[in-house]
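Shown next, in structure tokens, is the structure this report addresses.
None of these values were measured; they are calculated from a predicted model. Just so you know, residue 1 is the first one in the sequence shown, and it goes up from there.
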Amino acid sequence: MAGVANTKSIVLGVLGVVFVVVGTVLVFLVPIMMDQQVEKNVRIDPSSGFAYEMWRDLPVPFYMSIYVFEVVNHKEVLLGEKPLLEERGPYVYREYKKKENITFNENGTVSFVEFRTLHFDPERSNGKEEDHVVVPNILVLGSSIMLEDLGIPIKWIISGAFSAFNEEAFINRTVKDILWGYENPFLDFLNTILPGKLPFKGKFGFFSDFNNSNSGVFTINTGMEDISQVQMIDSWNGLEQVDYWNSNQTNMINGTAGQMWPPFRKPSEPLEFYSPDACRSMKLVYEKEETFRGIPTFRYTAPNYLFANGTDYPPNEGFCPCVASGVQNVSSCRFNAPVFISFPHFYNADPSFLESVDGLHPTEELHSLFLDMHPLTGIPMNCSIKMQLNMLTKSVSGIVQTGKIKPVILPVLWFAESGYLDGPVYYTYYNILILMPVLLDYLQYVLIGIGLFFIVVALVLPFFKQCRKQEQVLNDTSGTDDATEYSEDSKLLQDQDYAPPQT
């Protein structure tokens, strides 16, 4: 029996040591294994499976919600009154993105062109594309400012042409026409007499060159040689910097293409990306920790200085000529059309912009942008990028259509481009990069716990057996003494019972 007990103790002890060793090894190995798994899945490598397919086809559902500002009192605005705006929408479009012409280069980069298409989603929309709205006529108001420095006789001719083609300062057209364009004979006339001077050709619309289009040729790092450089832009349309702005810093093409970032992010590291639509690099900064459907994330938002002028934030001096902070002049990359960008409803902008119009109500909840990223992988889980398109409107002498319009940066529309990880992609991502590490993390401590338990049992078991043995010996000794005493007592009684009578 002692041999059996010792065998059990030895077996339990050995198993305990093995479990503790395996669990301890996992404590050190799991982070390494996790990092290797992350690196494998975020590299741009056709052999990496679902991660490459996700990067190539971007199956994440994206939606573009567009809000149009109708000028309610457009007739009064021509007389010099403050514009009264009414927000219409949202008009929601399902956005599809797919990378084509993918070419892997010998220097560890990959080049591609990403095409995007948008389809109207009536169920998510608050209105129809056939809704009529009154908005500024950029052909009249925009071209008037662009031609402001020409002589009065030429501007009279332009004004006469406006009248001949029945072009007014404000137009009443459908949302579909305003966004995606419509045939305009006057536009053809202007492009004939002023070739290359206007940003529109063919159809006229604010997003006429946005749908069924691409954002240029991006060349980015694959991360095969240095994972910290994955997704980082090497060039855009063959350029390492643009020439729209007035300083090397503002012309730089920084960060990624805005869809993924290098893994192992730290809160101190901002997110930089280049936006061809804004013609500049942008930066988001860490705000706080969040969770998205069980996935830990970092929330990034736009810093207050993103659209600040050069006076308030000197590094932005290169974007000037500037207006008050919160609104950026992008005319230099829009054929000098008087176009400005800002956050919706002039959120975080100088109060003077809000005071110049009626009908705007900026709030952080509705009008600030955010991006929730899984810091371990650098992949966004949930985002909503918001921007407002504005134009400068004012009276131009010699062009009667501009009336007595007071100078004002007038909001035209704003949009929110939103997307989130969902469906099979989410579950694959969650299982590989979230659930598996959690299970391994629990497993290592469970193994250590079980191992320590076995070791304790192995150590205690011999003492327990010894105690039981001693107890048994004591019981046996006590039983023998009792039996002897009982035998002696019995003999004494027998002697007394059968003693012979005395004579």
Side-chain angles (χ1 to χ4, degrees), residues 38-39 41-46 48 51-52 54-58 60 62 95 97-116 210 213-245 247-266 268-286 298 300 302-303 306 315-316 318-319 328 330 332-333 341 369 371 373-375 377-380 383 385 387 417 419:
V38 168
E39 292 182 13
N41 282 281
V42 301
R43 287 192 182 103
I44 304 175
D45 180 7
S48 65
Y52 175 76
M54 176 180 173
W55 170 81
R56 183 189 62 195
D57 296 334
L58 204 65
V60 175
F62 268 90
E95 186 174 2
K97 297 181 179 182
K98 184 175 183 179
K99 295 176 178 65
E100 297 184 2
N101 302 330
I102 299 174
T103 304
F104 286 87
N105 307 308
E106 294 182 357
N107 64 347
T109 63
V110 58
S111 302
F112 63 90
V113 176
E114 184 172 76
F115 288 87
R116 58 192 173 195
F210 192 84
S213 65
N214 67 78
S215 53
V217 180
F218 277 97
T219 300
I220 64 176
N221 199 294
T222 62
M224 296 298 292
E225 298 179 2
D226 184 356
I227 195 64
S228 68
Q229 293 299 306
V230 67
Q231 300 287 341
M232 301 299 287
I233 296 175
D234 182 73
S235 66
W236 173 74
N237 282 342
L239 303 172
E240 293 184 1
Q241 67 176 32
V242 295
D243 59 359
Y244 300 127
W245 314 110
S247 72
N248 289 332
Q249 182 177 355
T250 51
N251 278 321
M252 292 176 65
I253 298 175
N254 297 326
T256 73
Q259 295 177 353
M260 300 179 187
W261 281 263
F264 315 120
R265 307 300 299 179
K266 299 177 182 178
S268 59
E269 299 172 329
L271 299 184
E272 291 189 278
F273 63 97
Y274 178 73
S275 170
D277 299 319
C279 309
R280 57 165 290 187
S281 297
M282 294 189 176
K283 182 185 295 185
L284 304 181
V285 295
Y286 171 84
F298 286 171
Y300 293 85
L306 184 63
N316 282 354
F319 292 121
Q328 183 186 333
V330 294
S332 59
C333 74
I341 58 175
L369 64 80
L371 186 148
M373 170 187 290
H374 183 219
T377 60
I379 297 177
C383 68
I385 306 301
M387 207 70 64
E417 191 174 16

Within the structure provided, determine whether [X] and [Y] are in side-chain contact (heavy-atom separation under 4.5 Å).
| X | Y | value |
| --- | --- | --- |
| L369 | L284 | yes |
| Y244 | R280 | no |
| I220 | V110 | yes |
| V217 | S235 | no |
| R116 | F210 | yes |
| I253 | V242 | yes |
| I44 | Q231 | yes |
| V113 | E100 | no |

Nearest 0.5 Å, please: how far is [atom2] in [Y] from [atom1] in [X]?
| X | Y | atom1 | atom2 | answer |
| --- | --- | --- | --- | --- |
| D57 | E114 | CG | CD | 10.0 Å |
| E272 | M232 | CD | CE | 7.0 Å |
| S275 | W236 | OG | CH2 | 9.5 Å |
| K98 | R56 | NZ | CZ | 7.0 Å |
| N221 | T256 | CG | OG1 | 12.0 Å |
| D243 | N251 | CG | CG | 6.5 Å |

Closest heavy-atom contact between [X] and [Y]?
| X | Y | value |
| --- | --- | --- |
| Q249 | P315 | NE2-CB, 3.8 Å |
| W261 | P380 | CZ3-CG, 3.8 Å |
| Q328 | F319 | NE2-CD2, 3.5 Å |
| W245 | G318 | CB-O, 3.4 Å |
| I341 | A278 | CD1-CB, 4.1 Å |
| I227 | V42 | CD1-CG2, 3.7 Å |

Discussion item. Pair Q259, K99 - check side chain to side chain contact (heavy atoms under 4.5 Å, CB included), show working.
Written reply: CA-CA 12 Å; Q259 295 177 353; K99 295 176 178 65; 2.7 Å; yes
Discussion item. I'd like to know whether NZ of K97 has more than 12 heavy-atom contacts from other residues, nucleotides or ligands below 6.0 angstrom.
Written reply: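 Buried by this count: over 12 neighbours within 6.0 Å.
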Worksheet entry | More than 12 heavy atoms of other groups within 6.0 Å of N107 CG |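 Correct, the count exceeds 12.
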Practice prompt. Would you please test I102 and Y52 for side chain to side chain contact (heavy atoms under 4.5 Å, CB included) and show each step?
Written response: CA-CA 12 Å; I102 299 174; Y52 175 76; 3.9 Å; yes
Worksheet item: Are the side chain of R265 and the backbone N or O of G378 linked by a donor-acceptor pair below 3.5 Å?
Response: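 Not confirmed, R265 side chain does not pair with G378 backbone.
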Worksheet item: Can any side-chain N or O of S111 pair as donor or acceptor with the backbone N or O of T219 at less than 3.5 Å?
Response: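 No, S111 side chain to T219 backbone: no donor-acceptor pair under 3.5 Å.
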Practice prompt. Go through D226 and S228 one step at a time and tell me if the side-chain hydrogen bond (donor to acceptor under 3.5 Å, both in side chains) criterion holds.
Written response: CA-CA 5 Å; D226 184 356; S228 68; 2.7 Å; yes
Item to complete: List in chain and number order the residues that pass ring pair (Phe, Tyr, Trp, His ring centres under 6.0 Å) with Y300, two or more places apart in sequence or in another chain; answer none if no residue qualifies.
Response: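 Partners of Y300 by the ring pair (Phe, Tyr, Trp, His ring centres under 6.0 Å) criterion come out as none, since no residue qualifies.
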Worksheet item: Under 30°, 30 to 60°, or over 60°: which ring-plane class applies to W55 and F112, parallel, tilted or perpendicular?
Response: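 W55 and F112: perpendicular rings.
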Worksheet item: How far apart are the C-alpha atoms of F264 and E39, what are their side-chain angles, what is the distance that settles it, and do they pass the side chain to side chain contact (heavy atoms under 4.5 Å, CB included) test?
Response: CA-CA 10 Å; F264 315 120; E39 292 182 13; 4.1 Å; yes
